[in-house]
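Written out below as structure tokens is the structure these notes cover.
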Amino acid sequence: MWPPRRGASTSCSTGPAGEALDVSLELVKARDRILTLVEHGRAAGLGVLVAKSGRSAARLAELAALYAKGDLRFLVRRTYPYAEAAAAHREIETGHGRGKIVLTFS
């Protein structure tokens, strides 16, 4: 049954705009125990935490340099040529497996 009738101690709001945060507000009494990834505009007024992405060209350059030095690694589960992007997407939708699915362009 959704939403659950019992309370929760912590929540991370990631769902459709507004809906997930509203449910979190109903379930979690301590608003400083709620984190939203999408509702940045409402967060401050509600007293909930915001997860910021920190995306920028400078951050990408820093990560690329770490990768080039071997200090940053990630698991590639499987690569697909771009022509098989639909198959790659179907694999992602299964929700199974570890690692990244990568599309290659030739």
Between Ala85 and Leu103, the two heavy atoms sitting closest are CA-CD2, 3.8 Å
Same cluster or not: are Val76 and Phe105 linked, directly or through other Ile, Leu, Val, Met, Phe, Trp or Tyr residues, by side-chain heavy atoms under 4.5 angstrom apart? no
List the atom pairs, donor and acceptor, that lie under 3.5 Å between side-chain atoms in residues 59-67 and the rest of the protein, sequence neighbours left out.
| unit_1 | atom_1 | unit_2 | atom_2 | d |
| --- | --- | --- | --- | --- |
| Arg59 | NH1 | Glu62 | OE1 | 3.3 |
| Arg59 | NH1 | Glu62 | OE2 | 3.2 |

Please answer: with hydrophobic residues joined when any side-chain heavy atoms are less than 4.5 Å apart, are Val28 and Leu21 in the same cluster? yes
Minimum heavy-atom distance between Thr36 and Ala43, given as atom pair plus value: CG2-CB, 4.0 Å
Step by step, would you call Leu75 with Lys100 a side-chain contact (heavy atoms from CB on, under 4.5 Å)? CA-CA 6 Å; Leu75 175 66; Lys100 301 294 183 187; over 6 Å; no
Measuring from His89:NE2 to Ile101:CD1, what's the distance to the nearest 0.5 Å? 11.5 Å
Residue pairs passing the ring-ring contact (aromatic ring centres under 6.0 Å, His included) test with at least one member in residues 34-57, sequence neighbours excluded, are none
To the nearest 0.5 Å, tell me how far Tyr80 OH sits from Arg90 CZ. 8.5 Å
Taken in chain and number order and not counting sequence neighbours, the residues that satisfy salt bridge (Lys or Arg N to Asp or Glu O under 4.0 Å) with Arg78 are Glu91
Compare every heavy atom of Leu37 with every heavy atom of Ala51, then report the nearest pair and how far apart it is. CB-CD2, 3.2 Å
Closer than 3.5 angstrom, by distance alone: can the side chain of Ser24 be matched with the main-chain N or O of Ile34 as a donor-acceptor pair? no
Enter the distance from Glu39:CD to Leu25:CG here, rounded to the nearest 0.5 Å. 9.5 Å
